[in-house]
Amino acid sequence: MLRLPLKTPFNAPLLFSFLEGRALAGLEAVGGSRYRRRLGPDAWLEARVEGDSLNVSVPPHLSRRTDEIVKRLTGLFDLDVDPGTIDSHLARHPALARRVQAAPGIRVPGTWDPFEGAVRAILGQQVSVARATTLAGLLSDRFGDGGFPDAPTLAEVDVAEIGLPRMRGRAVSAVAARVAREGVDWLEDGERLRAGLLEIPGIGPWTAEYAAMRIARDPDAFPDTDWGVVKALGVKGAAAREWAEPLRPWRAYAVMHLWRKE
């Protein structure tokens, strides 16, 4: 059993609700304050919030992967941030103070795997969360061989077969081809990620900013045309960025507040 300390406040209900709505059947299971991830045939990791720690059960034969697993969970659950500093800063914004008071300790959920996260961000362009999750499941079923498809595979197949627009399918394959050549380091750096995604036809600014939030862990990422952000603010683009300017360098956390249903 691994015990990873949680800096409080830690808003577990919102984080787990976010992850549950995007969980991939057969690969992930989320409920209550428990997250499970399949790491191989009949091998599941389980992470549970209990008190002020994240308690993690790892199959014994995977104990050699402990450092990797801790790194992945730290990003997924956003464990390294100081929630008090973030909440204090965001609460200074008159339009956000009430939201912060109502939901302290909000985290920005990360992704288990950078490549998987990038692909799923592309699948999520201009569709609902439910549809994006369905597409990710179809992709895994069609090309995954029991897990999420790897980069060499998606670089070579016609991803649009699962029901994507042709250009979006080619965009997934382009990201896969670069990851197959170079690895995932470029996905974990906010500026390199943005530049790399935006040079691919079919990938727009929303995808780049959303990916920067969740994959590169950029605390200041701000998808200013996101439907949820626009709905909450009543403005988008430059006007949304002007509204959010005082929230730097924590705009990604402001987005999580704007996405929360009041």
Side-chain angles (χ1 to χ4, degrees), residues 3-22 30 32-35 47-54 73-111 117 121 124 129 188-191 193-194 205-262:
R3 296 184 184 275
L4 307 182
L6 300 176
K7 298 175 183 177
T8 57
F10 184 86
N11 200 312
L14 287 175
L15 187 147
F16 280 91
S17 175
F18 186 97
L19 295 177
E20 184 175 13
R22 293 158 177 80
V30 186
S33 292
R34 185 180 72 163
Y35 172 85
R48 307 181 305 279
V49 171
E50 296 177 330
D52 59 358
S53 67
L54 183 70
L73 290 174
T74 297
L76 182 66
F77 288 93
D78 200 10
L79 298 182
D80 280 343
V81 298
D82 180 351
T85 296
I86 296 170
D87 286 354
S88 176
H89 185 78
L90 298 184
R92 296 173 193 160
H93 196 298
L96 213 57
R98 177 173 51 83
R99 289 177 179 266
V100 175
Q101 184 178 17
I106 276 185
R107 301 303 203 268
V108 176
T111 59
V129 170
E188 298 179 293
D189 177 274
E191 293 312 308
L193 177 147
R194 288 180 177 90
W206 176 88
T207 304
E209 286 301 308
Y210 178 78
M213 279 180 64
R214 299 197 58 208
I215 303 168
R217 313 296 311 145
D218 182 347
D220 203 40
F222 188 70
D224 55 55
T225 60
D226 176 83
W227 182 85
V229 171
V230 174
K231 182 180 179 182
L233 297 182
V235 296
K236 64 179 179 180
R241 293 193 298 275
E242 181 179 357
W243 177 91
E245 185 63 26
L247 300 170
R248 287 182 176 275
W250 306 112
R251 293 184 302 174
Y253 294 85
V255 171
M256 296 303 300
H257 280 285
L258 296 177
W259 283 346
R260 183 180 66 85
K261 293 182 180 179
E262 293 191 282

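This chain uses plain numbering: 1 for the first residue, then up along the sequence. What you see is a predicted model, and the numbers here were worked out from it, not measured in a lab.
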[atom1]-[atom2] distance between [X] and [Y], expressed to the nearest 0.5 angstrom:
X: His89; Y: Leu247; atom1: NE2; atom2: CG; answer: 6.0 Å
X: Thr85; Y: Leu90; atom1: OG1; atom2: CG; answer: 10.5 Å
X: Asp87; Y: Asn11; atom1: CG; atom2: CG; answer: 9.0 Å
X: Thr111; Y: Arg22; atom1: OG1; atom2: CZ; answer: 12.5 Å
X: Glu191; Y: Asp218; atom1: CD; atom2: CG; answer: 7.0 Å
X: Thr225; Y: Arg241; atom1: OG1; atom2: CZ; answer: 9.5 Å

Go through the steps to decide whether Leu14 and Met256 satisfy the test side-chain contact (heavy atoms from CB on, under 4.5 Å), and finish with yes or no.
CA-CA 9 Å; Leu14 287 175; Met256 296 303 300; over 6 Å; no

Considering all heavy atoms, the nearest [X]-[Y] contact:
X: Ala121; Y: Tyr210; answer: CB-CD2, 3.9 Å
X: Ala102; Y: Arg260; answer: CB-NH2, 3.7 Å
X: Ala12; Y: Ser33; answer: CB-OG, 4.2 Å
X: Asp220; Y: Trp250; answer: OD1-N, 3.5 Å
X: Leu233; Y: Ala240; answer: CD1-CB, 4.1 Å
X: Leu15; Y: Pro109; answer: CG-CG, 4.4 Å

Over 12 non-hydrogen atoms of neighbours within 6.0 angstrom of CD in Glu50
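Atom CD in Glu50 is crowded, with more than 12 foreign heavy atoms closer than 6.0 Å.
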
So Asp226 and Val255, side-chain contact (heavy atoms from CB on, under 4.5 Å) or not? Walk me through it.
CA-CA 9 Å; Asp226 176 83; Val255 171; 5.5 Å; no

Please walk me through it: do Val100 and Ile86 pass side-chain contact (heavy atoms from CB on, under 4.5 Å)?
CA-CA 10 Å; Val100 175; Ile86 296 170; over 6 Å; no

Hey, are the side chains of [X] and [Y] touching, using non-hydrogen atoms and a 4.5 Å cut-off?
X: Trp243; Y: Leu96; result: yes
X: Pro246; Y: Arg92; result: no
X: Arg107; Y: Phe10; result: yes

Keeping [X] on the side-chain end and [Y] on the backbone end, is there a donor-acceptor pair under 3.5 Å?
X: His257; Y: Pro104; value: no
X: Arg214; Y: Gly110; value: yes
X: Glu209; Y: Phe222; value: yes

For Phe77 and Phe16, take the angle between the two ring planes, folded into 0 to 90°, and tell me which bin it lands in: parallel under 30, tilted 30 to 60, perpendicular over 60.
tilted

For the pair Asp80 and Arg217, find out whether any cationic side-chain nitrogen is under 4.0 Å from an anionic carboxylate oxygen.
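A salt bridge is absent here (no side-chain N lies under 4.0 Å from a carboxylate O).
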
N-O pairing of Asp224 and Lys236 below 4.0 Å
no

What do the steps show when you test Tyr253 against Asp78 for side-chain contact (heavy atoms from CB on, under 4.5 Å), and what is the final call?
CA-CA 11 Å; Tyr253 294 85; Asp78 200 10; 2.7 Å; yes

